[in-house]
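So you know, we letter chains A, B, ... as the sequences are listed, proteins then strands, and number each from 1.
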Amino acid sequence: MSDRPAVVTRFAPSPTGYLHIGGARTALFNWLFARHCGGKFLLRVEDTDRERSTEAAVAAIFEGLDWLGLKADAEPVFQFARAERHREAVMDLVAKGRAYRCYMTPEQADAQREQARAEGRALRSSWRDRIAGPDKDNQPFVIRFKGPVDGDTVVEDLVQGRVTFHNRDLDDLVLLRTDGAPTYNLAVVVDDHDMGVTHVIRGDDHLNNAARQSLIYEALDFTKPAFAHIPLIHGPDGAKLSKRHGAQAVGDYADLGYLPETLRNYLARLGWSHGDDEIFSDEEAIAWFNIADVNKGASRLDWDKLNHINAHYLKSADPHRIADLVLKALAARGTVLEGPLEARLRAAMPLLQDRGKTVLELVDQMAFVIALRPLVLDDKATKSLTEETVARLSRLRDRLQTAPVWTAPDLEALLKDFAEQEAVGFGKFGPALRAILTAGLPAPDLGKTLAALNRDESLTRMDDRLL
RNA sequence: GGUCCCUUCGUCUAUCGGUUAGGACAUCAGAUUUUCAAUCUGGGGAGAGGGGUUCGACUCCCCUAGGGACUACCA
């Protein structure tokens, strides 16, 4: 009897670098499953490798999870802080005869491992059944797990199905290092048990470890959690995701102008599906998510689809929020906007936020809004400003000046009406007007362009060329 | 080398023994058009190969090929 929630999941990164996209998806699946079940999602920092773990990495991972919106339901557990508890468990194992002191030097271990491999079996230390004499009293040793020599270990995996391992292929792995520090496979088992983890959802690079850990669970008399080994994410070329595939860290995606909801949606859809649903809310994902629907095969990152989803969320996002992001991206490029320019950009955002797949693209799409006068026209544009065109645009300018309302639809209508009145097609003045207003920078329909610039700026830019 | 996992359009996927194998992204064509997009309509495009099991296999089994993970006193 316990009051523990029925389902407890955890994300357990080792802080040796930033949070990469694969880890982000693992965290997401854990989060989704816990939410779906009304359970808890925990966080554990696996920092037992003191050499490679860094504060900066811990911060980067927390920041990444935070940005993604994956909040843990309890304070994170730092594995290294629990070393004493891990040692306790190992001593318990030694007392039970399920672990032993091994005095082999690393070199001896390598040699024995090689020999074992040649014989088609895993390493079994020669110290398995020996008690050291006084000669070893002050000699360094490690504590190894005394694995069964025969029989099978079966992992019932929620994603991969039933997977059988032969015990003879499983090493007598080191539980406690020479310096008394616990190793990963031991610490994971003890921590998952102590944290009440019911579902271990992690990358399938750990599937082999699940067998080793199963043995430790049994030796410790711990109840095993359910395992779910989800496939890894590969790069667009099918190879394991690495630096040459570009963005790996979730922070990179933020810098590139992707929204966290985009990543959640896209990543959830990678290796998991709910019928034909492609774009869905967090609530829907939580309601639908089920480990049974997770695929077994690895999937590749597809930038086009990521972009498509991001465009969708960019379109429907709060303009103020997107404006903040555009401003931030601009600032990162060294352009700090304030005052009227910032106000103009913010006001124009609802008109323009559907024009980019990323915030960075939006920055480019908004360049015409914040361009400084006088705009520099290229030769072609300058030549198109014939006497006739200038005269016509001047007439248009006067109408614009007295336009009763300055909104995109009204301006669009005004433009149409003007064309009719002049008895010409848009081709007779549209391109020239566009050149005057944007200097060839990307911009939307003229009605929207005028609206985005606001009346004063539009008229002033026209005056720059027409007067 | 050994152990284990994986394999449906270019990509992400649906299918859970009987479908013209569906959808999304991408792509191509057309429409729209004042630039670039967007949008709309339509098209092409898949069960790795070979054996079985079965009245009937994408679906179940085996082999081959290809891809991946693990094989540390890293996690």
Side-chain angles (χ1 to χ4, degrees), chain A residues 12-16 46-49 51-53 79 102 104-106 109-110 113 116-123 140-144 155 157 159-161 163-166 168-171 173-185 187-188 203-212 229 231-232 234 236 238-240 266 269-279 293 295-309 311 315 354-357 361 364-365 412 415 419 425-435 438 440-447 449:
Chain A
S14 59
T16 54
E46 312 227 311
D47 55 353
T48 52
D49 184 343
E51 301 287 300
R52 299 198 302 151
S53 299
Q79 194 161 59
C102 171
M104 285 198 295
T105 62
D110 286 345
R113 192 188 320 279
R117 178 183 283 203
E119 292 171 19
R121 58 178 175 83
L123 174 70
F141 62 86
V142 298
I143 293 183
R144 288 185 185 275
V155 175
D157 194 276
V159 173
Q160 308 291 343
V163 185
T164 305
F165 297 85
H166 302 299
R168 60 178 273 137
D169 298 324
L170 271 18
D171 263 10
L173 31 86
V174 172
L175 265 20
L176 229 48
R177 300 181 175 95
T178 305
D179 63 0
T183 58
Y184 165 76
N185 279 298
V188 171
D204 70 8
D205 49 336
H206 285 291
L207 184 54
N208 290 274
N209 283 332
R212 303 184 174 96
H229 289 92
L232 265 20
H234 288 173
K240 189 183 177 185
Y266 176 72
R269 192 62 190 62
L270 210 54
W272 172 80
S273 61
H274 179 265
D276 287 337
D277 294 302
E278 298 287 348
I279 292 198
D293 298 321
N295 288 145
K296 294 171 144 197
S299 42
R300 308 178 185 201
L301 220 47
D302 182 359
W303 291 94
D304 286 325
K305 192 149 186 175
L306 217 214
N307 283 337
H308 177 258
I309 294 177
K315 254 178 246 182
D354 65 345
R355 291 181 58 79
K357 294 184 170 74
E361 281 187 19
D364 294 335
Q365 291 294 326
E412 198 64 41
L415 251 19
F426 267 93
K428 280 292 183 189
F429 66 95
L433 175 59
R434 180 175 295 282
T438 69
L441 290 166
D445 297 341
L446 283 172
T449 297

Hey, is the side chain of A:Arg434 poking within less than 4.0 Å of OP1 or OP2 on B:U33, counting only N and O atoms?
no

Using the P atom as the reference point in each nucleotide, state the distance between B:G43 and B:C4 in Å, no decimals.
47 Å

Please measure how far the P atom in B:U11 lies from the corresponding atom in B:A38, and state the result in whole Å.
23 Å

Starting at the 5' end of RNA chain B, which residue's closest nucleotide do you reach first, A:Asn295 or A:Leu123?
A:Asn295

Measuring from the side chain of A:Leu232 (C-beta onward, heavy atoms only), which nucleotide among B:G23, B:G67, B:A69 has the closest atom?
B:A69

Determine yes or no for a side-chain-to-main-chain donor-acceptor pair under 3.5 angstrom, with A:Thr183 supplying the side chain and A:Val174 the backbone.
yes

Considering only the P atoms, how many Å lie between B:C9 and B:U32, rounded to the nearest integer?
36 Å

Confirm from the modelled atom types if A:Arg144 and B:C73 form a donor-acceptor pair under 3.5 Å, side chain to base only.
no

Looking only at atom P, what distance separates B:U59 and B:A24, rounded to whole Å?
26 Å

Can you tell me how far C1' in B:G67 sits from the matching atom in B:U27, rounded to whole Å?
26 Å

Looking only at the side chain of A:Asp445 (C-beta and beyond, no hydrogens), which of the listed nucleotides B:U34, B:A72, B:C70 gets closest?
B:U34

Mark yes or no for a side-chain to base donor-acceptor pair under 3.5 Å between A:Asp171 and B:A72, with no hydrogen or angle criteria applied.
no

Whole-angstrom distance between B:C16 and B:G52, as gauged at atom P:
27 Å

With heavy atoms under 4.0 Å as the rule, sort A:Arg355 into base, sugar-phosphate or nothing.
base

On RNA chain B, check which nucleotide each of A:Gly275 and A:Asn185 is closest to and give me the residue with the more 5' one.
A:Gly275

Suppose you measure atom C1' in B:C60 against the same atom in B:A69; what distance do you get, rounded to whole Å?
26 Å

Take atom P in B:G42 and the same atom in B:C25, then report the distance between them in whole Å.
14 Å

Between protein and nucleic acid, restricted to nucleotides 39-46 of chain B and to nitrogen or oxygen atoms under 3.5 Å apart, what atom pairs and distances do you find?
none

Taking atom types as they are modelled, is there a donor-acceptor pair under 3.5 Å from the base of B:C12 to the side chain of A:Ser299?
no

Give each protein N/O atom lying under 3.5 Å from an N/O atom of nucleotides 61-64 of chain B, with the pair distance.
none

Test A:Lys296 against A:Asp204 for salt bridge (charged side-chain N to carboxylate O under 4.0 Å, His left out), laying out the working first.
CA-CA 9 Å; A:Lys296 294 171 144 197; A:Asp204 70 8; over 6 Å; no

What N/O pairs connect the protein and nucleotides 3-8 of chain B at under 3.5 Å? Give each pair on its own line.
from: B:C5; atom 1: O3'; to: A:Gln160; atom 2: OE1; distance (Å): 3.2
from: B:C5; atom 1: O2'; to: A:Gln160; atom 2: OE1; distance (Å): 3.0
from: B:C6; atom 1: OP1; to: A:Lys296; atom 2: NZ; distance (Å): 2.7

